[in-house]
Amino acid sequence: MMAPELAAARQEPEKSPVDGSSVFPPLLKVGVFPEAVEARFRSVFAMIDEEALEQDPALAALIGGIVTRSNYRITAELMDRLPRLRIITTNGVGYDGIALEHARQRGIAVTNTPDVLNKAVAELAVGMLLALLRRVPAADSYVRSGAWERSPFPLGASLAGKKVGIVGLGRIGKEIVQRLVPFEVDVSYFGRARQEVPWRHFDSLPAMAGHVDVLILSCPGGAATRHIVDAEVLHALGPNGVVVNVARGSVINEADLCQALASGTIQGAALDVFESEPLGESPLRSLPNVVLAPHIGSATHETRQQMAELAIRNLVSFFTTGRAITPVV
Ligand code: 8YV
């Protein structure tokens, strides 16, 4: 039995809010979205979810676009099941989960949502760094458990005066630096190219790790950055060094990281992203010198709404003019 909204998708696709004439094809939804975001998409497009597609494979012939998030994979096989697929829109800046080359070959457009999430991700990076250095989650538990009545909480580390190295001084990296400068830190960055910025440039990651106390990862994921933070880099960072990762789990060799954290090779880590998400059984879950978050860099009401609006504008523009607003392909 077809769900009522899917029956509607077959019979009466949405009209363009731009000129009221062009008809949008239904979209396949891959991933879980906040309720308000999903409702907003459904106010413009007929949406089909993966479960419905499994139950009624004939729906594949209707789907003209995919809406997804950075945490989900859009494979070549999925694209090839959808003969009318013309666009993949991800609600996120990263698109390392999308088989981009295949999309390119098939002439399928791919769009992302750059910029609108920069501030939220930068806020989380700074917040997690401070939480790690001042051990805020442990301090919270200390007060709640009554341990404070027995002895004072152990001292933390200051951020002021520290050397901070940014891996990937792109849009998000720059927002992080802008927020860190008032904390009176000394900034360096690692990246392919030297930029017109007043910060010290390193073209070797182990060399920068050897120079800094704090390594912040804000680079794209994908093959080019896979495991660039490994045992060598962690060793160079040293026993007073900490890592903050708001980029992709794939950037760090997680086995090397666990080893470095457990042995005291580095002091600590603040991680919003992991090699496999959601994080299952992992030594990270019981290490005392980590602060962990469930991939929430862009997870604010304001930011997720702005991401959804940009994703919708991309789809509407593409279906009505043939041009997307923020295409990556
Ligand atoms: C989220 C992200 O994971 O933008 C990215 O690349 O990783 C995040 O914003 C998510 O995809 C939001 O929907």
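All residue numbers refer to positions in the sequence shown, counting from 1. Values below: every heavy atom of this structure, side chains too, minus hydrogens, waters and symmetry copies. Just so you know, ligand 1 is whichever comes first in the structure, and atom 1 is the first atom listed for that ligand.
- You'll find the side chain of K162 stays beyond 4.5 Å of the side chain of D186, heavy atoms only.
- In this structure, F202 has its ring center at least 6.0 angstrom away from the ring center of F190.
- Among protein residues, R69, S70, N71, N91, G92, V93, G94, L117, R248, H295, S298, R304, M307 come within 4.0 Å of ligand 1, judged on heavy atoms.
- In this structure a side-chain-to-backbone donor-acceptor pair under 3.5 Å is present from S141 to P137.
- Within 6.0 Å of NE2 on H211 lie more than 12 heavy atoms contributed by other residues, nucleotides or ligands.
- Under the 4.5 Å side-chain criterion, counting only non-hydrogen atoms from C-beta, I228 is in contact with T225.
- Using cut-offs of 30° and 60° on the angle between ring planes, the pair Y189 and H201 is tilted.
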